[in-house]
Amino acid sequence: MRVFSAWIVLALAAFTAAAPTTHTVKIKETVNVPRGWTKRDEAPRDLTVDLRIALPQSNFPLLEQHLWEVSDPFNERYGAHLSQEEVNELIAPHPESVDLVNSWLAEHGLSGADIARSPASDWVKVRVPVGLAEEMLDAKYHVYEHSTGDTLVRTTSYSLPEHLHAHIELIQPTTLFSRFRASKATLHFDQAAQTSSTNTDAPAISVPSASGGTVDASCNTTITVTCLKELYNAVGYTPLVNSGNQVACTGYLDQFANLDDLQLFFADQVPAAVNSSFKLISINGGQNNQSEPGDEANLDTQFLFGITHPIPATFFTTAGSPPFIPDVLTPTDSNEPYLDWLDFILNTPNPPQTISTSYADDEQTVPPSFAQRVCQGFATLGAKGVSLTFSSGDGGVGDGDPDPATQECFTNDGRNKTEFVPEFPPSCPFVTAVGGTIHVPETAVDFSGGGFSNFFSRPSYQAAAVPGFLSTLVPGTYAGLFNPNGRGIPDVAAQADNFRIFFGGSPILIGGTSAASPTFAGFVSLLNDARIRAGKSPLGFLNPLIYSIGANAGLTGAFNDVTTGNNPGCGTPGFNATTGWDPVTGFGTPNFGVLKDIVLALP
Ligand SMILES: *[C@@H]1O[C@H](CO)[C@@H](O)[C@H](O)[C@H]1NC(C)=O
Ligand SMILES: *[C@@H]1O[C@H](CO)[C@@H](O)[C@H](O)[C@H]1NC(C)=O
Ligand SMILES: *[C@@H]1O[C@H](CO)[C@@H](O)[C@H](O)[C@H]1NC(C)=O
Ligand SMILES: *[C@@H]1O[C@H](CO)[C@@H](O)[C@H](O)[C@H]1NC(C)=O
Ligand SMILES: *[C@@H]1O[C@H](CO)[C@@H](O)[C@H](O)[C@H]1NC(C)=O
């Protein structure tokens with residue numbers, strides 16, 4: 001009997017293995033090559049790529065439900081974040097998906113040690129030559145060159161056997177052409193920066209919501225850590241070093257944070273922090289070359305860690321895509337660095353509770369399947385209790401690649417239609433997008449990225465705020481240029497220009513929503529300090545809290561509403577900052593003192 005049943009199993013196995021030849025192959029995804037890229041040669045067949053295969057996270061809707069509950073201040077589960085094990089169980093794929101993908105890989109000679117899996121098995125990675133990838137995906141890889149000279153090996157379309165379509169969400173590198181970049185709009189090496197950071201002669205500027213009701217006059221032209229603490233009502237608040245609270249920022253694109261510049265900055269603006277530093281975590285071989293300071297990395301580390309000192313600080317440096325070299329057989333330009341970081345942080349047991357990122361790309365250059373999956377990764381981090389802030393972009397309503405000749409923003413779908421261009425990841429509804437202000441009293445800075453996502457629909461937390469703003473527009477305003485049903489960007493704002501940093505040993509002034517994200521994150525980390533010291537959970541995903549504060553007239557002092565300025569782009573004046581939420585500055589800038597009382601009153 002036993003022999004007989006074994007024979008049947010073998011026969012069935014043989015039958016299963018033979019069957020795939022009859023599977024119909026269907027296109028899984030097709031994209032238009034984004035503007036700026038030119039197709040060059042065919043990719044060498046023996047070039048190695050790391051294919052990442054995303055299996056559907058079958059219980060993601062349940063994870064999302066947990067996320068809403070633990071992030072909603074009116075829910076009894078507020079703050080009850082999920083453990084690593086609980087999260088991994090919820091994002092695990094269905095066993096059938098695992099089996100079918102394994103069989104498909106086996107048909108192409110890939111098994112056992114050829115296959116790497118994420119802890120939840122929702123990502124599978126195989127290292128294959130381009131020739132094999134082309135067979136597996138019925139695709140044709142080419143070398144594409146960007147107008148900046150960057151090169152990538154990509155295909156504009158790939159296919160999968162029809163029976164696998166429900167079991168594979170996406171495979172990359174295939175159709176992903178995005179080039180994440182730093183959100184730094186302005187960099188001035190000007191005379192003003194060479195002067196001291198304070199000016200004792202001019203009278204202080206009256207700002208009723210500020211600490212003591214005033215802000216130093218110099219803050220109108222030069223932003224320091226002291227200016228931000230005055231303006232956002234946090235003077236005198238000292239966090240603890242050992243509460244368990246941590247803060248971090250991310251670095252990409254060979255942006256390195258210089259340690260000597262950090263000390264000069266601390267000596268200039270945060271004397272108590274002199275001799276302190278951050279922990280460096282390298283992902284995928286990311287460097288922190290001290291001979292090559294990066295303005296973005298210096299800005300992020302100096303201001304974020306200057307605001308939060310002495311909270312333990314981390315700088316994540318993730319290696320980017322190396323340039324494509326046709327004759328080298330090592331794996332090349334296969335990874336999207338963003339995914340590498342997400343992969344790493346999702347599998348870190350106790351990640352920093354507050355993380356700022358100032359890198360993004362035009363939403364339309366990111367395949368929707370990729371945006372969706374990365375956004376689910378951010379939701380997963382939120383469920384674990386991590387607050388994520390992203391700069392909203394530096395091109396107003398038309399961030400990215402406005403045609404230099406016409407100042408218009410073209411869609412990338414072959415229609416050549418002008419449309420506002422939101423940025424991703426800030427367009428993901430599971431992160432907090434931070435827009436920019438300038439001057440004291442504050443007004444919207446004209447480059448503040450804002451608008452509405454074309455990929456993600458309006459999340460429930462925006463159900464009142466966004467229609468409230470849309471009702472202030474003259475009917476027909478910008479009809480066809482934006483998606484009024486999309487997730488509105490940004491959620492909040494902070495100062496974003498004239499930041500005095502140290503770079504290559506000298507002070508310079510720098511700006512961009514790149515400055516706003518670490519600033520907002522800095523005050524979030526101080527709020528986490530207050531909560532953790534009070535024995536409470538960290539804040540985690542912030543938006544449900546931000547929007548319920550924004551909707552409550554009795555709590556209006558929590559944000560300094562910015563009601564002047566606008567964010568031009570795509571040949572238009574953009575949107576206006578208004579009373580309440582708007583797609584230029586969100587609900588406005590933080591008032592730490594008021595927010596602290598609110599978050600300490602929450603369970
Ligand atoms: C700050 O600078 C802006 C722009 O120069 C100016 O309009 C504003 O009056 C200044 N604020 C004060 C209080 O002087
Ligand atoms: C920083 O370290 C140097 C060298 O060890 C020391 O001389 C200096 O007093 C330290 N400064 C502070 C503020 O701790
Ligand atoms: C660091 O940067 C310098 C200057 O660009 C370069 O010469 C050196 O090779 C780099 N070091 C490493 C380890 O990459
Ligand atoms: C879109 O614009 C590109 C570049 O200007 C041009 O080559 C193409 O023909 C246009 N397509 C359509 C559908 O108008
Ligand atoms: C912005 O405000 C100006 C001045 O009130 C107004 O003319 C313009 O129509 C407004 N723009 C939008 C998009 O609402």
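The structure presented is a predicted model; accordingly, all values stated were derived computationally and were not measured. Here, residue 1 is the first one in the sequence, and each next residue gets the next number. Reckoned from all heavy atoms, side chains included, excluding hydrogens, waters and symmetry mates.
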Donor-acceptor pair between Tyr237 and Asp529 side chains, under 3.5 angstrom | yes

For Ser206, check side chain to side chain contact (heavy atoms under 4.5 Å, CB included) against everything at least two apart and list the hits.
-> Pro208

Apply the test side chain to side chain contact (heavy atoms under 4.5 Å, CB included) to residues Lys384 and His81: give CA-CA distance (whole Å), side-chain angles for both, the deciding distance (0.1 Å), then the verdict.
-> CA-CA 5 Å; Lys384 286 176 71 179; His81 300 120; 5.7 Å; no

Side-chain heavy-atom pair Pro426, Pro490 within 4.5 angstrom cut-off = no

Set of residues satisfying side chain to side chain donor-acceptor pair (under 3.5 Å) with respect to Gln246, sequence neighbours excluded = none

List, one per line, each side-chain donor-acceptor pair under 3.5 Å for residues 587-603, sequence neighbours excluded.
{"unit_1": "Thr589", "atom_1": "OG1", "unit_2": "Glu442", "atom_2": "OE1", "d": "2.8"}
{"unit_1": "Thr589", "atom_1": "OG1", "unit_2": "Asn560", "atom_2": "ND2", "d": "2.9"}
{"unit_1": "Asn591", "atom_1": "OD1", "unit_2": "Asn233", "atom_2": "ND2", "d": "2.7"}
{"unit_1": "Asn591", "atom_1": "OD1", "unit_2": "Gly593", "atom_2": "N", "d": "3.2"}
{"unit_1": "Asn591", "atom_1": "OD1", "unit_2": "Val594", "atom_2": "N", "d": "3.2"}
{"unit_1": "Asn591", "atom_1": "ND2", "unit_2": "Ser209", "atom_2": "O", "d": "3.3"}

Check side chain to side chain donor-acceptor pair (under 3.5 Å) between Ser387 and all other residues, then give those that pass, not counting sequence neighbours.
-> none

Ring pair (Phe, Tyr, Trp, His ring centres under 6.0 Å) pairs touching residues 371-398, sequence neighbours excluded, are Phe378-Phe390

Check: Asn245 main-chain N/O paired with Ser243 side-chain donor or acceptor under 3.5 Å = yes

Does a donor on one side chain sit under 3.5 Å from an acceptor on the other, for Trp581 and Tyr547?
-> yes

Just jot down the salt bridge (charged side-chain N to carboxylate O under 4.0 Å, His left out) partners of Asp361, sequence neighbours excluded, or say none.
-> Arg181

Under 3.5 Å, is there a donor-acceptor pair linking the side chains of Ser211 and Glu230?
-> no

Pair Asp582-Thr585, side-chain donor/acceptor within less than 3.5 Å | yes

Should the ring pair Phe523 and Tyr232 be called parallel, tilted or perpendicular, given that the plane angle runs from 0 to 90° and is split at 30 and 60?
-> perpendicular

For Phe575 and Val584, work out which heavy atoms get closest and say how close.
-> O-CG2, 3.5 Å

Partners meeting salt bridge (charged side-chain N to carboxylate O under 4.0 Å, His left out) with Glu86 (sequence neighbours left out) | none

Grab the two heavy atoms, one from Asp561 and one from Thr578, that are nearest each other, plus how far apart they are.
-> OD1-O, 3.5 Å

Short side-chain donor-acceptor distance under 3.5 Å, Thr357 and Thr250 | yes

For Ser71, which residues count as a side chain to side chain contact (heavy atoms under 4.5 Å, CB included) partner, sequence neighbours excluded?
-> Leu67, Phe541, Pro544

Who are the side chain to side chain contact (heavy atoms under 4.5 Å, CB included) partners of Pro467, not counting sequence neighbours?
-> Arg458

Between the side chains of Asn483 and Glu419, does any donor sit under 3.5 Å from an acceptor?
-> no

Determine whether the side chains of Thr513 and Asp394 contain a donor N or O and an acceptor N or O closer than 3.5 Å.
-> yes

Which residues share a side chain to side chain contact (heavy atoms under 4.5 Å, CB included) with Pro310, sequence neighbours left out | Pro239, Val241

Are side-chain N/O atoms of Thr318 and Asp340 paired as donor and acceptor at under 3.5 Å?
-> no

For Glu169, salt bridge (charged side-chain N to carboxylate O under 4.0 Å, His left out) partners two or more places apart = Arg373

Indicate whether any N or O donor in one side chain lies under 3.5 Å from an N or O acceptor in the other, for Ser448 and Asn567.
-> no

Judged by modelled atom types alone, do Asp122 and Gln57 share a side-chain donor-acceptor pair under 3.5 Å?
-> yes

Test side-chain hydrogen bond (donor to acceptor under 3.5 Å, both in side chains) on Ser457 and Asn485 and set out the steps.
-> CA-CA 6 Å; Ser457 56; Asn485 302 314; over 6 Å; no

Contacts of type side chain to side chain donor-acceptor pair (under 3.5 Å), residue Thr238, not counting sequence neighbours = none

Under 3.5 Å, is there a donor-acceptor pair linking the side chains of Thr443 and Thr564?
-> yes

Parallel, tilted or perpendicular: which fits the ring planes of Phe559 and Phe520, with parallel below 30° and perpendicular above 60°?
-> parallel

With respect to Gln302, which candidate in Phe266, Phe265, Phe499 satisfies the side chain to side chain contact (heavy atoms under 4.5 Å, CB included) definition?
-> Phe265

In terms of side-chain heavy atoms, does Ser517 have a donor or acceptor partner in Thr389 at a distance below 3.5 Å?
-> yes

Could you verify whether a donor N or O on one side chain and an acceptor N or O on the other, from Ser525 and Gln353, lie under 3.5 Å apart?
-> no

Answer with yes or no whether the side chains of Thr224 and Gln269 bring together a donor and an acceptor at under 3.5 Å.
-> no

